[in-house]
Structures are given as structure tokens and as C-alpha cells.
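Presented below is the structure to which this report refers.
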Amino acid sequence: MGCFRVARGKGQGIVEYAVILGLIALVVVLALGAMGISVGDVYAAVVKALGGEVSCKTYYHSDFGREIPSWIEIKNSFWGKFGSWQVKDGKLVSPRSGAMLLNGYSGSDYNISLSGIRLANQSSAWNGYGVMFRSSLDAKNRLNGYMFEFERRRPNEPVTMYFSYWVGGTQVVMNPPGKMVIPANSGWDNPANLTVSVQGNTFVASMNGKKIMEATDPKNLYTEGAVGVASNAGSSIVVDDLAVKTPGCEE
Amino acid sequence: MERSPSLDEYKDGMPERLPDSSARRRRAWIAIAVLAALALVFGVLNLARSGAFARVAGVGGVKGVVVDETGQPLPAEIFVLGTNLSAETDASGYFEIQGVPAGDQTLVIGYLAQGTEVPVRVAGGETRDLGQVRVSTAEQRDRLLAVEGGQ
């Protein structure tokens, strides 16, 4: 009788420990979810922190020479009034107030890298350009998604940079961090490289390898979408090379 | 974790007291109860963040009048963030949106492609009246001039 009791007790102990482990896992997953953190993001961060191999993949690449991408131009009351995007002398050239989404790639987490950027045809107001991500167009050809942007409203006004989201073609500055002023001579209008890293609900912009801005969207409005480039109303943009890769991958 | 008796404990015959496993089991069940309670709390928090909670809480409405700095009605478009709901103002700046999930919502008042966020708490079965919603328009008008090639 006693032997049977001991055996039953030991068996229950193992079950209890299994239940405890299962509950710990469940509580961790639910706690992360309640804080708006994806388990996949945590896993990726842990792998990265441990120096694990990040599986690098190039989702999209064009040097506008041999490889010319196809794109969808955004034409509505806000964009596309001053001409079309074109590839000229191995470079992507935008019109003033132009916006396009790369055709054929849509994803969730990625690094967008633009090389050899040059602002051109600058008029007296609203110079600047932007990088769109997790973006799509609605039935009225209006943008939904995110954007990182440099902007100078007037030559004598400061240059600002900011992350924004677009809903139904309406742009809302993400605040925090809001608009940040950068020095006019920082090279914003002619950077060798501009990278926007999109991972989970955190977005990081880097210029010439140096991090310049970070934003988080607690609402996690858009979880996937296309990549694109835009020019402001007062200038066009010239780009040498555009690549979309796995986040965390070095060149 | 399990403390099983070893042969050493029996070298002088049967011990007077057998190892007490009930205390260990009691602690295990307390841990299970605490973890289950935590799982319940976080589960409810997750539910509150999801659309499922909104469906349980019901839907309501929101209405208001969009005006500029001088009080003039604006032709604006209003979006309920995170939903497909939107509405345009009429000539008097009035808008009304029904079917808004109950709870804390964010409206985006869009005018000339620039938006202003307005947080709003919507109660199920009720229409929340925001009254006059004032939107600054100087930057939008300035940008419109550039977009239309005026500068």
C-alpha cells in the first residue's frame, strides 16, 4: 500500500513540474504579447545577441544598369503631377513630387538601402525625399504605410527628418520622436548611403552607416507591405542603387 | 528537483520518518496556481488589445465638426485608425462615423494630405460628440502650393 503511495507521488511530481514549465512558457508568451512584442522578434534579437548567424537574403536589388526594376507610380492629387520616374544613365531619377512602389516584392521585416542619393532640381520650397516601407495603395490609389523622410520647407529653414505613417493618403508624423532638426550641412541631400531598417514595430534610419533616428509604432498599424521611394514637391531625387535585404545583414 | 531517497538513508534500516513529499507538492501547486493566475491576467490583457474584445464590448459612433484656426468648416476626411472606417465632412464640416469598435480609438483628421491625431473613447451603443475639432492648416496650404507648382 505504502509502495503504491510513493510511486503515485513521484508520478504526480513529474506531471506537476511539466505543468509548471508549460505555464511559465505560456506566461512569457502572453506577457510579451500584452506588451506588443512579437516572440519572433525576441528570438531574432537573442540569436543576434548570441552572435548567431543571421540568414542573409537579398529580397530585391537594382543598380539601375543591368537590373532595372519594375515599379508602380503613385498618381493622385498629391503625387505624380510633374512627370514620371525613369532610369537614366544607370540611375533612378524621380520627377518632382513623385512616388513609386517597387513592383513584385512585399514583406514584413527588411533593410532598405539606397546608395548614391542626390537631391536635384531643387526649387525654393519643400525640398526633400522619403523612403516608404510596408506600404500599399488603396482603391483610390492612396498610400497606406510608413515613410522616413528628409524635408526642408524653405532654404532658410532647418532641415528636418521624421518617420510618419500614411492612412488613406493622409500623412501623420509619428510622435514620439516627432520631427528632428539636422544640420543643413549634414549631407542629407547627397548621402553615400541611406538605410532604413524595419524590424517588428521598430524602425531605424541610418545615414552613411551612422544611426540618425529611431521610431516605434506601438499601434503596429502595418505589418507588411511594399518598399518605395518618394520625392517632395520641390525637388527630385537621383539614386544609384537600391537593395532590400534581411535586417541585420551587413554589406 | 525531485528529491529521491538514496540507499545511504536506509543503511541503518527504515528511517523513522519517510521523506515528506506533501510539502514539495504543496509548493508545486502554489506555483501552478500563481502561474495560472498570471496567464489569466496576461491573457485578458491580450484579449483587451485584440479586435475580439472590441466585438464583445460592442460598437458605437463618433461625430463632430472640423474647423480651421478661424472656425471655418474644413473639407476633411476622418479615419478611425486600425479599421477601414472613414468619413468625409459635409459643407458645414460635420462628420459622423458609426460602427466604431468600443474602447480607446484614434481618429486621424486629414486635410490636404496631412493628418492630426485625435484620441477618443467610444462607448458601445453611444455616439460620442467631439464638438468642434480645430485643425491647423497653414502648413498644409503651404505644401499644396508647392504640389500645385505655385512655388
Side-chain angles (χ1 to χ4, degrees), chain A residues 2 5-6 8-10 12-17 19-36 76-79 81-82 96-97 123-127 138 142-144 151 153-154 164-175 219-222 232-235, chain B residues 1-5 18-22 24-50 76-84 86 106 108-117 139-140 142-151:
Chain A
R5 264 217 314 267
V6 170
R8 196 165 65 94
K10 283 179 77 173
Q12 270 190 345
I14 291 165
V15 171
E16 285 153 7
Y17 294 136
V19 170
I20 288 171
L21 284 174
L23 278 171
I24 288 171
L26 183 67
V27 166
V28 169
V29 170
L30 288 173
L32 288 171
M35 289 185 281
N76 54 33
S77 59
F78 189 71
W79 275 314
K81 288 186 172 180
F82 299 115
R96 279 173 54 199
S97 195
S123 70
S124 59
W126 293 97
N127 301 155
D138 64 16
R142 302 181 307 184
L143 184 66
N144 292 285
E151 180 180 277
R153 289 171 54 177
R154 295 281 184 287
S164 61
Y165 68 81
W166 290 75
V167 52
T170 292
Q171 185 178 29
V172 182
V173 176
M174 288 171 67
N175 200 358
K219 299 185 187 85
N220 219 6
L221 279 178
Y222 305 107
N232 286 11
S235 56
Chain B
M1 289 168 80
E2 188 87 20
R3 189 183 166 275
S4 300
L18 286 169
D20 180 17
S21 63
S22 61
R24 244 183 0 251
R25 286 170 58 197
R26 206 164 37 245
R27 283 197 298 273
W29 279 108
I30 289 170
I32 287 171
V34 169
L35 286 167
L38 280 173
L40 189 68
V41 168
F42 287 123
V44 169
L45 282 174
N46 273 283
L47 187 69
R49 288 167 55 94
S50 72
E77 187 163 6
I78 295 88
F79 304 90
V80 182
L81 218 51
T83 74
N84 291 321
S86 66
T106 302
V108 170
I109 314 291
Y111 172 66
L112 295 180
Q114 259 179 278
T116 306
E117 286 184 343
E139 189 169 312
Q140 287 95 317
D142 189 48
R143 185 158 75 163
L144 180 69
L145 280 175
V147 170
E148 291 187 339
Q151 291 177 48

*Quick one: what part of Tyr222(A) sits under 4.5 Å from any heavy atom of chain B, side chain, backbone, both or neither?*
neither
_Side chain to side chain, Trp126(A) and Arg154(A), heavy atoms closer than 4.5 Å_ = yes
*Go through the structure and list residues passing ring-ring contact (aromatic ring centres under 6.0 Å, His included) with Trp79(A), not counting sequence neighbours.*
Trp166(A)
*List for me each residue that meets side-chain contact (heavy atoms from CB on, under 4.5 Å) alongside Leu26(A), sequence neighbours excluded, and say none if there are none.*
Leu23(A), Leu30(A), Ala39(B)
_Report which part of Ser164(A) has an atom under 4.5 Å of a heavy atom belonging to chain B: side chain, backbone, both, or neither._
neither
*Taking all non-hydrogen atoms of both residues, which atom of Ser86(B) and which atom of Glu77(B) are closest, and how far apart?*
OG-OE2, 3.8 Å
*Top contributor to chain A interface from Leu81(B), Val108(B), Leu38(B) [non-hydrogen pairs under 4.5 Å]*: Leu81(B)
_I need the residue from Leu221(A), Ile24(A), Thr170(A) with the largest number of non-hydrogen atom pairs under 4.5 Å to chain B._
Thr170(A)
